[in-house]
Every structure is written in C-alpha cells, then in structure tokens.
Amino acid sequence: MNTPSVTRPPARTLTEVAAAPTTPLARVTIVGSGYVGLNTGAVLAYLGHPVVMVDRDAERVAALRAGEAVIYEQGLSELLAQTRAQLSFTTQVQEAVAGAQVVIIAVGTPATASGDADTRAVEQAAQEIAGGLQEGQRCVVVVKSTVPIGTNRRVSSVIDRVLQRRQVRAQVHYASNPEFLREGMALRDTLYPDRVVIGSDDPEALTTLRQLYQPILEQTFAPPAGLERPEHKPLPALMSTDATSAEMVKYASNAFLAVKISFINEVALLCEKVGADVSEVARGMGMDIRIGAGFLQAGVGWGGSCFPKDVLALQAVAAEYGYSLPIVQAADVVNRRQRVHMVERLQDVLKVLRGRQVAVLGLTFKPGTNDLRESPGLELAQLLLRRGAHVRAHDPVALDAARTLYPDLEIDWAASAEEALRGADAALLTTAWPEYLHLDWAALTRLMRTRVVLDGRNALPGDLLRQDGVTYMGVGR
C-alpha cells in the first residue's frame with residue numbers, strides 16, 4: 001500500500017515563478033464533458049496541455065465546437081475561447097484515447113433508487129478506453145468521477161481484461177484523483193485548490209500526475225483575466241495515498257460539509273424558539289479555529305448535484321458492510337425537514353396557504369450556476385403547490401431550463417422578479433443571487449398584496465424592511 005503523504009511546495013517569489021522551468025506537456029483525453037470534465041479540460045488546456053474532450057451527446061459536442069459553454073460557470077466561456085487551439089471535442093472515445101498520455105474519466109455517477117452511485121457510465125468508459133489503447137502505448141488512466149469504494153480497482157480490471165482479449169500490450173497505470181469543485185467557483189477551485197489528492201500505488205501514475213498539475217501546485221502560470229489568484233492563499237498541498245482512501249476522502253468531505261450545514265440549520269430552529277439570532281451564534285462559533293466559519297450559514301438547506309447524491313452513496317457503502325452512519329443519515333433528515341419548516345412558517349403568518357399567491361425567487365440550488373438538481377427552490381415550490389398555493393417563480397439564469405425540465409408543474413414562470421412579486425401574498429427568497437440582493441425591496445414589496453417576505457438565505461436587510469412595514473422573517477432569527 002502506498003504510504004500516505006502530504007507535500008506543499010515552498011513559497012516562491014514572483015521572480016522565481018517567472019524563471020520556473022516549463023512543465024512537460026501531456027496529451028490529455030477527458031471522457032465526459034459535464035461540469036467536472038469541462039472545467040478541468042479548460043484549465044488543463046489553459047496550462048498548455050493538448051486536451052481532447054469526449055461526450056456521447058452529439059448536440060453537446062457540436063455546441064462546444066461552436067464555442068458555446070453549455071453550462072453556466074463564471075469565466076468558462078472566456079476560457080474556452082482562449083484555449084480553442086489546445087482544446088478539441090469529439091463523440092469518439094477510442095479515437096480520442098489513441099496516443100493519449102493521460103485519460104481522465106469524468107462521467108456522471110447519479111444516484112440509483114436505492115441511493116447507490118450508478119457507475120455504469122464509468123464502466124462503459126473503461127471498456128471504450130481499453131478499446132482505443134494502442135500497442136506499446138503508455139498511459140495513465142485517472143478516475144475523477146465521484147465513485148463508490150473499489151471502483152478504481154474495478155476500472156483497472158476492466159481495462160486489463162479488454163486489453164488481454166484484444167491481445168494489445170499497453171502500459172497502463174491507474175490513479176484516483178477526486179475533484180473538490182464548488183459550482184459557481186469551479187475554475188477558481190481548479191486553478192487555486194486547497195489540495196490535490198492522488199490515490200495510487202503506482203510511481204509512474206504519481207509522477208505523471210504530479211507533472212500534469214505542477215503549474216497549479218507551484219502556481220507558475222499567469223492567472224486568466226477575471227480569475228485572478230487569491231491574495232495570501234498558500235500553495236496547494238499534494239496528498240498521495242492509496243486509491244481506496246482517495247475515494248473515501250471525496251465522500252467524507254462532502255458528507256462532513258452536509259452535516260455542518262444541517263447542524264447550523266438545526267440550531268437555527270432552536271434559535272427561533274428561544275429568541276437567539278443564528279447569524280450571531282454562527283459568527284461566534286466560526287471564530288473558533290477548530291470549527292471555522294465556512295458552511296455555517298443557516299437557510300433552506302443544501303441541494304445540487306453532489307451533497308444529496310454523495311450523502312446517500314456513503315450510507316449505501318456503509319450498508320454493504322453492515323454498518324450505519326447515523327450522523328450522516330440525520331443530516332439528510334434535517335435537510336428535508338428544513339424545507340417543510342419554511343412552508344410551515346409561511347402558513348403560520350398567512351394562516352391559510354390554499355389559494356394564496358407565493359413568489360419563489362431562485363430556482364438553482366445556489367448562485368453562480370444553472371444547476372437545478374435537488375433545487376431547494378423547486379422543492380419548496382412543490383410543497384407549496386401540494387398545500388394548494390399558487391406559485392409564481394423566477395430565476396435570473398435557469399428559468400428556461402426549469403420550464404423545460406418541469407413542464408407538468410403548475411408553476412407560473414415569471415420573466416422578472418417584479419412580475420413574480422406583483423400581487424403576491426408572500427415572497428420566498430431561496431437563492432441569494434446578487435440580482436435579488438440589489439433589488440429595491442421596499443418599493444417592490446408595495447406591489448404585493450400582502451407584504452410578507454421569508455428570507456431563506458438570511459441575505460436581505462431585515463431590519464430595514466421591518467421598519468418599512470414588511471413582515472420579514474429570516475431563518476433562525
């Protein structure tokens with residue numbers, strides 16, 4: 001087993017950075033041009049590596065070839081335009097793999113009905129990669145998808161078996177390289193990470209990936225316009241360990257952050273009962289360096305493509321071994337309860353929800369992305385509909401996508417926040433988009449039939465709204 005190690009390059013002066021030797025470039029193929037794959041590919045291409053992106057969706061590939069970013073992410077369109085000479089797109093895995101020195105698997109692993117991660121796309125990618133490897137080719141196959149424990153070992157066995165059947169002798173090395181990207185901050189997290197985790201017992205794989213990420217580890221690249229290097233941020237650590245531990249690092253990290261959010265939301269409900277302000281409680285907690293201020297913002301709970309899926313997958317892994325994770329399970333329960341609590345708070349004020357008009361502002365699970373997966377706003381809209389309320393919803397980025405994905409929901413899709421608020425009995429802020437925070441709320445609430453605002457992100461000036469006669473409610477305040 002590879003001995004776990006963490007290294008952090010020594011800090012360099014600007015002069016030393018400018019004089020740093022050029023990192024050897026690698027031909028990189030990335031299978032999967034979704035959120036992780038596309039952002040990773042754009043950054044590696046920016047660093048100078050020739051990158052081929054592969055996706056099964058021919059329309060998506062055509063859009064990417066035409067210069068469309070296909071996902072909403074700060075700076076992505078500009079970086080794709082800047083790296084056109086280094087970045088190409090195809091639907092053919094085997095052609096893209098031939099001659100590649102690094103092949104990264106970044107396909108989706110959605111949750112199944114039982115909560116397990118569906119790894120069929122990962123296995124299919126492994127088979128197609130093996131079908132494209134050539135005689136004598138030296139290659140590192142990297143699993144970047146979030147996968148259950150043991151998947152990296154499974155990928156290596158699938159590829160080795162196909163190569164044996166094809167009677168092709170290729171030198172293939174394997175590594176796990178989990179991603180830690182925040183949607184809306186993915187390019188920054190790729191360029192300026194806290195750590196790079198590599199799980200492998202293979203020295204060749206470790207050496208190749210260390211070289212691939214050297215400009216990031218040592219911060220020897222010129223920052224892209226609009227994605228400036230954070231001041232005073234230490235150089236990222238490189239953690240090398242075994243593949244199983246690397247797989248667990250990803251799941252455990254996301255589960256812990258989900259637990260932290262659910263914890264402060266649980267405390268928030270108690271604050272409402274005793275008259276405390278959860279924002280002040282969180283501020284005091286966050287000053288403790290053992291706790292930290294991150295992910296202590298009370299609100300409508302977590303959603304998106306990672307936390308819900310990974311919390312379920314980690315519990316499913318535990319169940320396979322006859323073990324339970326009651327803390328992780330409780331985090332999921334608290335998160336779902338938070339949505340119900342928001343609806344009940346509205347009902348407490350309005351007394352009757354049936355027939356009421358409620359404006360829901362924000363459909364993406366967080367600002368800075370167009371991701372609607374496990375959206376708190378959409379879940380709250382559905383809870384309100386079940387209680388007989390009429391819902392008028394708006395989002396500055398994902399409105400058309402929501403209308404397309406949920407054609408059967410009896411939601412009135414508003415073209416603007418003003419349209420959503422006009423004549424409403426209550427407004428529910430579910431995503432803290434800057435566009436919402438900069439609205440003239442005092443003026444817009446006068447368009448409402450009943451001036452009730454439930455701030456699901458504690459992002460609005462509640463005291464000022466109350467002084468203006470608005471019934472303002474935050475979370476845990």
Side-chain angles (χ1 to χ4, degrees), residues 34-36 38-39 69-76 108 110-111 146 179-190 192-194 227 250 253-265 268 278-279 282 292-311 331-332 334-336 338-339 342 359-382 393-402 405-406 417 420 427-439 454-460 474-476:
Y35 193 85
V36 173
L38 189 55
N39 283 290
V70 305
I71 60 175
Y72 183 88
E73 179 66 33
Q74 180 188 6
L76 181 58
T146 302
E179 52 83 18
F180 303 98
L181 307 184
R182 298 168 294 171
E183 294 196 36
M185 299 290 286
L187 291 176
R188 292 185 182 277
D189 288 343
T190 305
Y192 315 113
D194 297 318
L227 294 169
K250 170 63 176 179
S253 296
N254 278 356
F256 180 80
L257 295 176
V259 167
K260 197 172 181 182
I261 296 171
S262 286
F263 176 82
I264 200 62
N265 278 332
V278 74
S279 297
F295 291 83
L296 284 180
Q297 291 74 43
V300 295
W302 38 269
S305 62
C306 293
F307 285 5
K309 175 175 69 72
D310 294 350
V311 163
D332 189 28
V334 169
N335 195 56
R336 298 185 185 282
Q338 195 72 2
R339 318 276 210 264
M342 302 296 288
V360 174
L361 299 182
L363 299 174
T364 59
F365 82 99
K366 63 181 290 187
T369 179
N370 62 347
D371 197 339
L372 295 168
R373 287 173 288 184
E374 299 289 339
S375 157
L378 283 167
E379 186 176 341
L380 281 162
Q382 293 176 71
H394 174 262
D395 189 277
V397 168
L399 192 65
D400 290 339
L405 288 172
Y406 301 96
L428 176 53
L429 178 69
T430 54
T431 311
W433 281 103
E435 291 89 333
Y436 295 150
L437 307 189
H438 297 148
L439 291 174
L454 177 51
D455 181 359
R457 295 297 181 182
N458 287 342
L460 302 177
V475 180

Between [atom1] of [X] and [atom2] of [Y], what distance do you get to the nearest 0.5 Å?
{"X": "Asp455", "Y": "Leu428", "atom1": "CG", "atom2": "CG", "value": "9.0 Å"}
{"X": "Asp310", "Y": "Ser253", "atom1": "CG", "atom2": "OG", "value": "10.0 Å"}
{"X": "Trp302", "Y": "Phe295", "atom1": "CH2", "atom2": "CZ", "value": "12.5 Å"}
{"X": "Arg339", "Y": "Leu380", "atom1": "CZ", "atom2": "CG", "value": "6.5 Å"}
{"X": "Leu257", "Y": "Ser262", "atom1": "CG", "atom2": "OG", "value": "11.0 Å"}

Does the pair Lys309/Glu374 count as a salt bridge with the N-to-O cut at 4.0 Å? no
Considering all heavy atoms of both residues, which atom of [X] and which atom of [Y] are nearest to each other, and what is their separation?
{"X": "Thr190", "Y": "Pro193", "value": "O-CD, 3.5 Å"}
{"X": "Ala398", "Y": "Leu372", "value": "CB-CD2, 3.8 Å"}
{"X": "Ala417", "Y": "Tyr436", "value": "CB-CE2, 4.1 Å"}
{"X": "Thr369", "Y": "Gly184", "value": "CB-N, 4.4 Å"}
{"X": "Glu179", "Y": "Thr146", "value": "OE2-OG1, 3.8 Å"}

Could you tell me if the side chain of [Y] sits less than 4.5 Å from the side chain of [X], heavy atoms only?
{"X": "Phe263", "Y": "Val334", "answer": "no"}
{"X": "Leu361", "Y": "Leu429", "answer": "yes"}
{"X": "Phe365", "Y": "Thr430", "answer": "no"}
{"X": "Leu460", "Y": "Leu437", "answer": "yes"}
{"X": "Asp395", "Y": "Thr364", "answer": "yes"}
{"X": "Asn458", "Y": "Gln297", "answer": "no"}
{"X": "Val278", "Y": "Val475", "answer": "no"}

More than 12 heavy atoms of other groups within 6.0 Å of Phe180 CZ: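 Above 12, so yes.
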Main-chain N/O of [Y] paired with [X] side-chain donor or acceptor, under 3.5 Å:
{"X": "Ser375", "Y": "Leu363", "answer": "yes"}
{"X": "Tyr192", "Y": "Leu227", "answer": "yes"}
{"X": "Asp189", "Y": "Arg182", "answer": "yes"}
{"X": "Arg373", "Y": "Gly303", "answer": "no"}
{"X": "Trp433", "Y": "Pro367", "answer": "no"}
{"X": "Asn265", "Y": "Ala298", "answer": "no"}

Does one side chain, of Tyr35 or Glu73, offer a donor that lies under 3.5 Å from an acceptor on the other? yes
Candidates Lys366, Met342, Gln338, Arg457 - the one meeting side-chain contact (heavy atoms from CB on, under 4.5 Å) with Pro376: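 Going through Lys366, Met342, Gln338, Arg457 one by one, the side-chain contact (heavy atoms from CB on, under 4.5 Å) with Pro376 is satisfied by Arg457 alone.
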Check against side chain to side chain contact (heavy atoms under 4.5 Å, CB included), Leu378 and Val360: CA-CA 9 Å; Leu378 283 167; Val360 174; over 6 Å; no
